[in-house]
Amino acid sequence: MTDPVIHQLRRQTNKTASVGQTRSVRGGLIVLAVIAGFALGLLVFTIGPKLVNSWRESRWLRQAEANLKQGNFNGANDAAQQALQINHDSLPAYQILAEATEKQNRAETVVWRAEIARLRPREIDSQLNLASAALRFGQLDAARKALESVPKENRESAPYHVVAGWLARAQGDEAGQERHFAAALAKEPDNETYQYNLAAVRIKSPDPQKNAWARATLEHLIKSAPFRAGSLRALLNDAIQHSNLEAADRFAQELQLSPQVTFSDDLLCLDFYKKLDQKKLATLLEKMKPLATRQLDDLAALMAWMNGNGMSAELLRWMEKLPPEKTANPPPAIEVAAAFTAQKNWSRLRRWTKGGNWGDSEYLRLAYQAYAKQQSRPEGTDAESASLWHDAERACEEYPEREIRLARLASKWNLPNQAEQLWLRVAHNPLSRREALDALFGIYRASNDLPNLYLTAMRLHETSPEEPLIAAEYARLSMILDRNPSEGQRVAKEAFDQAPTEPPCVVAQALSLNSQGRTSDGIAVLQKLAPEKLHDARVALYLAVLLLDDGKADAAHEFIDAANSGFVFPEEKKLLQEALQKQSSSTSSTPTPSPTISPSPANSSPR
């Protein structure tokens, strides 16, 4: 009996154990299922939105690309902006935005090119595209920063030098522009674009060899369709400048037959015919007048040419025959005002600019009205004139292109106080800084304002560090005025090394050597100049000063006479007077049998 009972108990125990094992397996499977479910849910919650966002981004990008291809730039812009809302670092979206805004000529291009450069900081094309866009929209600081971001190993490439050359041009640094364009061409000598860029610069060079190379290159590029019109313009300009009338006639005829000829080219031909043949000039001018009236910009351009070539009286006679709606508003109305100004017809100018509204050019109407009142000077108009000019200045605020145009007028009308304030404002704009500094230098030179002249020369050198003549003037003023003379010595040496035959550079180096106690070396540097240059009044003055400092008064007489026979600046005249006084005092302190040299007492001390 015992065995069956034990057997039954064992069967029950095994059954219980089996049921327990089954429940345990089921529990494990449930736990695994729950974990898998959580994992799947987590995967869906984390990856799912990314997949959805990626799909949405791709969808907007495809729409943006399609709009871009169809020329729907606004649509491309909107779709790309939607893609950026999903992915703030979408490179394709930034590329589409850059291309769309570039084709619309919008300044936002610079913003999008900057984002591309941020995402691709080591890629040279990204930085150069940013620099090019910044140059196009006058953002020189952004262009400079982009070029500085180009990796050093890529700074010898032709594309880098091309963009650097255009930056140099925008800064007024013609020497830097030529150097970079030459470097680009050296890298790719068969590139016609690079040939044209360098030739267009060198055609203006005073260096006969560079000028001859430029002419030959442009003559060759005439045969290339993309460069034909531009080459003919440059060659025609050069021929007119050098009074090579036979060549100019040929280039003018070829340019007029070119399919790329513009109304501006016809104006260039007028420049030529003015020198060659007055009858042909009159014929072409009469032919152009009815053509000009089709477009107000062309009409204003022809009027501007007439004003610039002493034909303002004829312009006013022609204006009387035109319908009023053609001349009543800018831009032709501005040129009519300029013609009245040239003729000094102040009453007509006052009537022409009184009342009305010239829209974006309203500041010019106010300026001409102010000038007319000032020049006609009826009683009590000074305050009114000043008020009008103030209104013109206020209308220019935050509009750099207006400020620079008003500044040019103030300089042209010889209003130095107004011109100075305007040019100081214009100088803050990198795009027009060089022109502003040149104008300020002229204002301070005319008023002999030496402190401001020195500061302006320093800023000019900072703006165009590779121009030796600017560097030489900065160095000269530094040493004469004793403003950081050690810096002046350094800059003088650099300028002399760049242009050892240019009189201003030679003078600056001679001054530098003299200030270092090497007067005889300074004299030797000056005496290497050609005799005709050495006897120029300003050069002769410095040689006289150095000879006097070196105790060679007899040798100095010849150059003192040369200095007195021509124009020298006040600070230079003062320098010579001090040298003469020093020499006279030095001579009188030593007993001498010649009282005619110095009548002063023998025991007098040097000043």
Looking at [X] and [Y], does any basic side-chain N land under 4.0 Å from a carboxylate oxygen?
X	Y	value
R434	E467	yes
R250	E254	yes
K289	E286	yes
E99	K103	yes
R350	E384	no
D271	K274	no
R394	D391	yes
K326	E320	no
E397	R402	no
E174	R202	no

(Q) On the six-membered ring of F569, is R538 placed so that its NZ or CZ lies under 6.0 angstrom from the centre and within 45° of the ring axis? (A)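 No, cation not above the ring by the 6.0 Å, 45° rule.
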Would you say [X] and [Y] make side-chain contact, with heavy atoms under 4.5 Å?
X	Y	answer
R405	L364	yes
C505	L469	yes
L406	W389	yes
L218	Y196	yes
E403	N429	no
R106	N77	yes
K287	D266	no
K204	Q241	no

Q) Below 6.0 angstrom between ring centroids: does that apply to W166 and F181? A)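 Yes, they do, as the ring centres are separated by less than 6.0 Å.
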Q.
Apply side-chain hydrogen bond (donor to acceptor under 3.5 Å, both in side chains) to residues S385 and Q374 and explain how you reach the verdict.
A. CA-CA 6 Å; S385 173; Q374 183 201 63; 5.0 Å; no
Point-to-point distance, once rounded to the nearest 0.5 Å, from [atom1] of [X] to [atom2] of [Y]:
X	Y	atom1	atom2	result
F263	W305	CZ	CH2	11.0 Å
Y363	L409	OH	CG	8.0 Å
L453	M458	CG	CE	12.0 Å
Y273	K280	OH	NZ	5.5 Å
T327	I334	OG1	CD1	12.5 Å
R113	T101	CZ	OG1	7.5 Å

Q) Just checking, is any N or O donor in the side chain of D190 or Q195 under 3.5 Å from an acceptor N or O on the other one? A)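 No.
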Test your reading of the model: is there a side-chain donor-acceptor pair from [X] to the backbone of [Y], 3.5 Å cut-off?
X	Y	value
Q369	R365	no
Q177	V201	no
D173	T463	no
R433	A427	yes
T293	P290	yes
H461	A457	no
N211	D207	no
T456	N452	yes
T262	D265	yes
S411	R408	no

Return yes when atom [atom1] of [X] has more than 12 non-hydrogen atoms of other residues, nucleotides or ligands closer than 6.0 Å, and no otherwise.
X	atom1	answer
E532	CD	yes
E571	CD	yes
R179	CZ	yes
N191	CG	yes
Q209	CD	no

(Q) Run the side chain to side chain contact (heavy atoms under 4.5 Å, CB included) test on L302 and W318 for me, step by step, so that the C-alpha distance in whole Å, both residues' side-chain angles and the decisive distance to 0.1 Å come before the verdict. (A) CA-CA 11 Å; L302 183 55; W318 176 37; 3.8 Å; yes
**Q.** Shortest non-hydrogen contact from P332 toward P330
**A.**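 Shortest heavy-atom contact: CD-C, 3.4 Å.
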Q | Contact summary for T501 and L529, nearest pair of heavy atoms | A |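 That closest heavy-atom pairing would be O-CD2, 3.8 Å.
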**Q.** Worked check of side chain to side chain contact (heavy atoms under 4.5 Å, CB included) between S347 and R351
**A.** CA-CA 6 Å; S347 59; R351 289 199 300 272; 4.0 Å; yes
Q) Between T109 and E102, does a side-chain hydrogen bond (donor to acceptor under 3.5 Å, both in side chains) hold up when you go through it step by step? A) CA-CA 6 Å; T109 305; E102 196 167 60; 5.5 Å; no
Q.
Test side-chain hydrogen bond (donor to acceptor under 3.5 Å, both in side chains) on Y444 and E420; report intermediate values, then the result.
A. CA-CA 9 Å; Y444 298 136; E420 178 188 7; 2.8 Å; yes
Q.
Please determine whether side-chain hydrogen bond (donor to acceptor under 3.5 Å, both in side chains) holds for the pair S312 and Q343, giving the CA-CA distance in whole Å, both sets of side-chain angles, and the decisive distance to 0.1 Å.
A. CA-CA 7 Å; S312 54; Q343 291 295 304; 2.8 Å; yes
**Q.** Full working for salt bridge (Lys or Arg N to Asp or Glu O under 4.0 Å) between R476 and E572
**A.** CA-CA 10 Å; R476 185 188 74 86; E572 294 172 328; 3.3 Å; yes
Q. Once the angle between the rings of Y371 and W413 is folded into 0 to 90°, is it parallel (under 30°), tilted (30 to 60°) or perpendicular (over 60°)?
A.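 Correct class here is parallel.
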Q) Hey, which of K210, H180, E178 is the one that makes side-chain contact (heavy atoms from CB on, under 4.5 Å) with L198? A)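 Single side-chain contact (heavy atoms from CB on, under 4.5 Å) partner of L198 among K210, H180, E178: E178.
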Q. Could you go step by step and tell me if D298 and L291 meet the side chain to side chain contact (heavy atoms under 4.5 Å, CB included) rule?
A. CA-CA 8 Å; D298 290 347; L291 295 174; over 6 Å; no
Q: With side chain to side chain contact (heavy atoms under 4.5 Å, CB included) as the test, would you mind laying out the steps for E401 and Y399 before giving the verdict?
A: CA-CA 6 Å; E401 70 283 357; Y399 293 95; 3.7 Å; yes
